[in-house]
Amino acid sequence: MGLKVSREKDFSYLIEDGHSIARVIGTENIINQAMGTEAITQLLNMAELPGKIGIPIGLPDIHQGYGFPIGSVIAFDSDNGIVSPGGVGYDINCGVALMNTGMDKKTCRLHIKDILKEIFNQVPVGMARSRNKLSRRDIEAITSEGIQWLYFRDMATEDDINKTDYNGSIFGAEPANISEKAYSRGMNFFGTLGSGNHFIELQFADQIINSEISEEFGIHKDMVYVMIHTGSRGLGHQVATDYIQKIRDLDHNKRLKDAQLSYMELSSRDAERYISAMNGAANYGFANRQMIISLIRNALKKVMGNEFVEDESELVYNISHNIAAFEENDIEGRRQKVLVHRKGATRALPPESTSGYYAGIGHPVIVPGSMGTASYVLRGVGGNSKISFSTSCHGAGRVLGRKMAKEKLSPELIEKELEALKIEMKFASTSALTEEAPESYKNIDEIYNSIVGGKIAEGIARLKPIGVIKG
DNA sequence: ATGTCC
């Protein structure tokens, strides 16, 4: 099973096992780090799926996931291809929102303890459930309307809608395709953060990389932003569980090398149902992040009083990194309509392919680092459709599994490390300290250099943390 | 990631 690695060009490597081929984007060090891990085996397994167009791509933050690695993208023929829940992941429409606070770094540091405390009061984190539980009917409406539902209730502005991926509302989410169990989990956890790598951070712009585009994104040197990383909570998890269970015993899935790659043919009724349910979960995910944005605006208003100007708490962008979508891409010399599966991978449309608010500019691509380290905002560059179906990475990417992190790292030491960096913290549990420690992740600067060097996206601004809230 | 196992 010897693997052959060849350098395609700078920051781009082809990996072959004599049967399948895949591309990985990254520095030589990133490639060496990934080689020999289960993630690469998973990436090559993906290449064996039917109806694939082009080859699977591993982004520099690639690491082992359920069936498909996290930090990967694959496209299938939109007519004769397939859809696989494992290619989207359990946390459907996990993603990141970035919002301006209108506050500068100095003011923020002065009030950071109170701000974190109040956000912690308003936003349930970790295992906590929603404070004001919505009805079954409301949750169903949210899965079909996305953030529109919040707009009609004064919890989202028109500007928020304009600055959300897919405008925060994907058409064609048929409520009947989502199970009662999923709705019931959705009722308990709407507007909650969750745990694991999910977080709320207050960050300041410490480096403006491209001043013209930073201005367009509303990112200014030393101003403070809130970054929110969460997804569709129990609802999305249940949708994934339901459909993975449903297709497990299909003949073509029993023949697979790895059962976790289970799929549905796009021509099947099950595929239609899954895509509809996935879109419903995605709408819930967009609305969940928006709900948290609304709660954070309330918290800032309460703590900062007259100093907080609501009009200045504008969204930069709210983007998904776990979703499958029908798109046109340049593959093997021609434009083809494909179903792109992005798992821990962020869409990075170049300026000319971006529509809506950021048309001609390119939408913000948000790449959070690990706890305590920098985060980057980028935009897609022309020609990236051919390289990675216009897809960037979604974060630093794990180097230590959760269990390993707990064994190797000490929470006290990590806490001291963050204190030394002048980062205020609020944790619902201590397990996040080791599991999410910078030591559990790859170096975000190297990930950033890989994406820029690989000509997928260009840097716009770098943000650094002042305060962090984790489940 | 996940009412951290139906």
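Below, each value reflects all heavy atoms present in this structure, side chains not excepted, and no hydrogens, waters or symmetry copies. Quantities reported herein were computed from a predicted structural model and do not represent experimental measurements. So you know, we letter chains A, B, ... as the sequences are listed, proteins then strands, and number each from 1.
Following rounding to the nearest Å, A/Ile70 (CD1) and B/dT2 (P) show an atom-to-atom distance of 12 Å. Summarising the geometry, the separation between CD1 on A/Ile244 and P on B/dT2 is reported as 15 Å, rounded to the nearest angstrom. Across the protein-nucleic acid pair, A/His237 atom NE2 and B/dC6 atom P stand 9 Å apart, rounded to whole Å. Between A/Asn188 atom CG and B/dT2 atom P there is a gap of 14 Å when expressed in whole angstrom units. Taking atom CZ on A/Arg402 and atom P on B/dT4, their separation rounds to 14 Å, with Å as the unit. Taking atom CZ of A/Phe190 as the reference point, atom P of B/dT2 lies 15 Å away to the nearest angstrom. To the nearest angstrom, P of B/dC5 lies 14 Å from CD of A/Gln238. Regarding A/Asp91, its CG atom lies at a distance of 15 Å from the P atom of B/dT4, rounded to whole Å.
The residue A/Arg233 sits close only to the backbone: its heavy atoms come under 4.0 Å of sugar-phosphate atoms, none of a base. Across all strands shown, A/Tyr66 has no heavy atoms under 4.0 Å from either base or sugar-phosphate atoms.
Minimum interatomic distance between A/Ile25 and A/Ile30 (heavy atoms only, all atoms of both residues): O-CG2, 4.3 Å.
Listed by first and then second residue, the salt bridge (Lys or Arg N to Asp or Glu O under 4.0 Å) pairs involving residues 260-271 of chain A are A/Lys246-A/Asp270, A/Arg269-A/Glu272, A/Asp270-A/Arg273 (not counting sequence neighbours).
Judged purely by distance below 3.5 Å, without hydrogens or angles, the side chains of A/Asn93 and A/Tyr284 never pair a donor atom with an acceptor atom.
Contact annotation: A/Ser195 side-chain N/O to B/dT4 OP1/OP2 distance is not under 4.0 Å.
Checked against a 6.0 Å centroid threshold, the rings of A/His229 and A/His394 do not count as neighbours.
Of the two residues near DNA chain B, A/Gly126 and A/Glu436, the one whose nearest nucleotide lies more 5' is A/Glu436.
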